[in-house]
Amino acid sequence: MMFQSIALQAIRKSVRGASLSSPGLQQQVATRAFATSGFPPPRLFDYETVTSNLTVADAIESVEAAFKALAKGKVDVPMPMHIGIEESSVAGPGDCHIKGGYVSATPTFTVKLACVSFYKNVEKNLPPGSGIFIVVNAVTGAPLGVFQENRFMTDLRTGAAGAVAMKYCTSPEQNVVGFIGCGAIAKNMARAAATVRPIKGVAYAIDGAEQFAAEMSAELGVPFEVVSSSKELCGKSDIIYTQTPGGSTVLEKDWLNPKGVTIIASGSDQPTKCEIPPDVLAASKYISDLTKQTSKVGELRSALAAGVMTEADVYAELGEVVNGDKAGREGNEIIVVDLTGTGAQDAAIGQVAWDKLSQL
C-alpha cells in the first residue's frame, strides 16, 4: 500500500490535476505499483561463496561458446564504460569500468562493475580493487543475483579466454608456455593452459615469479622454470602469456622464438596501456577478441597510433578462428591474440555462476 500511495502521488504531480477516475490512469497506477513491488530481491553471493565454488575450468566451455556466438553476431556487447575518479581530499584516485552483454538465446544477461587502482586503499589495509556481477533474468528483466567477486570472476573468464586462444591458435607441438607477469591472472592462465595439453612452464616477473612457479607446479603437477629476464623467457617459449599492468612493453621482436610463437596478451584494457611493441604487432597474424574494442583500449590501439597497422590488417577475431571461418596456426609465424575482455565473456561466466551458485 505504501508503494501504491507513492505511485499515486507521483502520477498526480505528472498529470497536474488530471482525474484519477480515468480508466487509463487507474491502469497506470496499478502497473506502477506492481512494477515496484512484484519482484523478489536478488540473491547476494559474498566473496567467500563465489571463490569457494567457481574455478576457471567451470568457465572454459561457456566462454568458448560465447566467442562462437560473438563471431556470428549473436551477442549484444556495448562498448565498455569508464568512470575516472580524480584524486581529491574526499575521493580517489581510482577507475571504474562497466561492461556487460547478452548472448542470444540464453536465459540471463550480465552487467559488471569493476573498480581498480584505488591505491589509497592500501593505507586502510584494503585491496585496490573490487567488483560485482549483476546477473539478470532475460525473460523478466529482474536482477537474479549480485555476486561480490572483487575481480575473481573477471580473472576466471580471462583465464578461460586464454585457454580458448591456446586451443585454437597454437599447434599440439607447442608446449613450453611462458608467463610474463605472475599475479592472479597468470595463475588462471596457467590453470587454463594445463586443460588444453600437458605443458612446461617458464616464469618471469619483477616480483613473485618464484612463488608463482612453486605454487603452480605443485597444483598442476607440471615443471616450472624461473628465468631472470623477459628475453630469456622469450627464447625458451612456444607460447607466451603476458599479464602485466601494461605500463610499458614487455618483450622485443628479436627475442622471439624463430620457430614460431603465439603471444596471448591480456594486460592492456585501457588507452594508456601497452604490452606488445607495434613492430611485433605489425609482423604478426593479429587476432583480437573484439576489434572495435582492441582498437580503442587493446594492443591494436598502439599499432594504429604508430601508423604500422590499420583495422584492415586484423586477421580475425578469436570467434572466427573458433568457428573455423579462419585458420589458427599455419607454420612458423608470430601470432598475437589480444584479449581486452568482452561483455560476452562476462555474460558467459555470469550464467555459469548463477547456474551453479543458485543451487546452493
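Nothing fancy with the numbering, it's 1 onward along the sequence. Computed from a prediction, not measured in an experiment: that's the story for all the values here.
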Could you grab the distance from atom [atom1] of [X] to atom [atom2] of [Y], nearest 0.5 Å is fine?
| X | Y | atom1 | atom2 | value |
| --- | --- | --- | --- | --- |
| Ile239 | Ser171 | CD1 | OG | 7.5 Å |
| Thr242 | Ile185 | OG1 | CD1 | 10.0 Å |
| Cys234 | Lys253 | SG | NZ | 13.0 Å |
| Glu149 | Ile132 | CD | CD1 | 9.0 Å |
| Glu311 | Ser288 | CD | OG | 9.0 Å |
| Ile335 | Ser284 | CD1 | OG | 8.5 Å |

By the rule that ILVMFWY residues connect when side-chain heavy atoms come within less than 4.5 angstrom, directly or transitively, which residues belong alongside [X]?
| X | result |
| --- | --- |
| Val90 | none |
| Val116 | none |
| Val352 | Phe45, Tyr47, Val50, Leu54, Val56, Phe133, Val135, Leu144, Phe147, Phe152, Met153, Leu156, Ile349, Trp354, Leu357, Leu360 |

Within the structure provided, determine whether [X] and [Y] are in side-chain contact (heavy-atom separation under 4.5 Å).
| X | Y | value |
| --- | --- | --- |
| Ile134 | Thr110 | no |
| Leu304 | Ser295 | yes |
| Cys96 | Leu113 | yes |
| Ile98 | Val111 | yes |
| Met166 | Gln174 | no |
| Ser358 | Arg43 | yes |
| Val261 | Ile240 | yes |

Got a sec, which residues hit salt bridge (Lys or Arg N to Asp or Glu O under 4.0 Å) with [X], two or more places apart in sequence or on another chain?
| X | value |
| --- | --- |
| Glu320 | none |
| Arg329 | none |
| Asp58 | Lys356 |
| Asp346 | Lys112, Arg157 |

Main-chain N/O of [Y] paired with [X] side-chain donor or acceptor, under 3.5 Å:
| X | Y | value |
| --- | --- | --- |
| Glu333 | Glu330 | yes |
| Ser217 | Val222 | yes |
| Thr342 | Gln345 | yes |
| Thr195 | Ala192 | yes |
| Glu317 | Ile287 | no |
| Asn257 | Lys259 | yes |
| Lys72 | Gly319 | no |
| Thr158 | Gly341 | no |
| Thr108 | Val136 | no |
| Asp238 | Val176 | yes |

Item to check | Partner set under side-chain hydrogen bond (donor to acceptor under 3.5 Å, both in side chains) for Arg197, not counting sequence neighbours | outcome: Thr170

Next on the checklist: I'd like to know if Glu219 and Arg191 make a salt bridge, using a cut-off of under 4.0 Å between side-chain N and carboxylate O.
Outcome noted: yes

Checklist entry - Is the shortest side-chain N to carboxylate O distance from Lys167 to Glu64 below 4.0 Å? => result yes

Item to check | Candidate pair Glu299 and Lys273, rule salt bridge (charged side-chain N to carboxylate O under 4.0 Å, His left out), full reasoning | outcome: CA-CA 8 Å; Glu299 300 297 335; Lys273 295 183 177 182; over 6 Å; no

Next on the checklist: When you compare the side chains of Gln293 and Thr340, does any donor N or O come within less than 3.5 Å of an acceptor on the partner?
Outcome noted: yes

Item to check | Residues Thr49 and Asp46: side-chain donor-acceptor under 3.5 angstrom | outcome: yes

Please determine whether residues [X] and [Y] belong to a single hydrophobic cluster, defined as Ile, Leu, Val, Met, Phe, Trp and Tyr linked transitively by side-chain heavy-atom distances below 4.5 Å.
| X | Y | result |
| --- | --- | --- |
| Leu339 | Val321 | yes |
| Ile264 | Ile334 | no |
| Ile263 | Val177 | no |
| Val103 | Leu290 | yes |
| Val227 | Leu256 | yes |

Restricting to non-hydrogen atoms, name the atom on [X] and the atom on [Y] that form the minimum distance, rounded to 0.1 Å.
| X | Y | result |
| --- | --- | --- |
| Cys169 | Thr262 | O-OG1, 2.8 Å |
| Tyr119 | Pro128 | CD2-CB, 4.3 Å |
| Val196 | Ala163 | CG2-O, 3.6 Å |
| Ala265 | Glu275 | CB-OE1, 3.9 Å |
| Pro271 | Arg301 | O-CZ, 2.8 Å |
| Asn332 | Pro258 | CB-O, 4.0 Å |

Show me, pair by pair, the donor-acceptor contacts under 3.5 angstrom made by side chains of residues 198-215, not counting sequence neighbours?
| from | atom 1 | to | atom 2 | distance (Å) |
| --- | --- | --- | --- | --- |
| Glu215 | OE1 | Lys187 | NZ | 3.2 |

Item to check | Partner of Val164 by side-chain contact (heavy atoms from CB on, under 4.5 Å), out of Leu318, Asp289, Val337 | outcome: Leu318

Next on the checklist: Under the side-chain hydrogen bond (donor to acceptor under 3.5 Å, both in side chains) definition, can you give me all pairs with a residue in residues 132-145, not counting sequence neighbours?
Outcome noted: none

Contacts under 3.5 angstrom, residues 74-87 side chains, donor-acceptor by atom type, not counting sequence neighbours:
| from | atom 1 | to | atom 2 | distance (Å) |
| --- | --- | --- | --- | --- |
| His82 | NE2 | Asp95 | OD1 | 2.7 |
| Glu87 | OE2 | Lys120 | NZ | 3.1 |

Checklist entry - Yes or no on side chain to side chain donor-acceptor pair (under 3.5 Å) for Thr291 and Thr294, after CA distance, side-chain angles and deciding distance? => result CA-CA 5 Å; Thr291 302; Thr294 62; 4.8 Å; no

Next on the checklist: Please evaluate residues Ile276 and Thr249 with respect to the criterion side chain to side chain contact (heavy atoms under 4.5 Å, CB included), reporting the C-alpha separation (whole Å), side-chain torsions for both, the decisive distance (0.1 Å), and the verdict.
Outcome noted: CA-CA 5 Å; Ile276 312 302; Thr249 57; over 6 Å; no

Checklist outcome for this item: Residue pairs meeting ring pair (Phe, Tyr, Trp, His ring centres under 6.0 Å), one or both in residues 233-292, sequence neighbours left out, come to Phe179-Tyr241

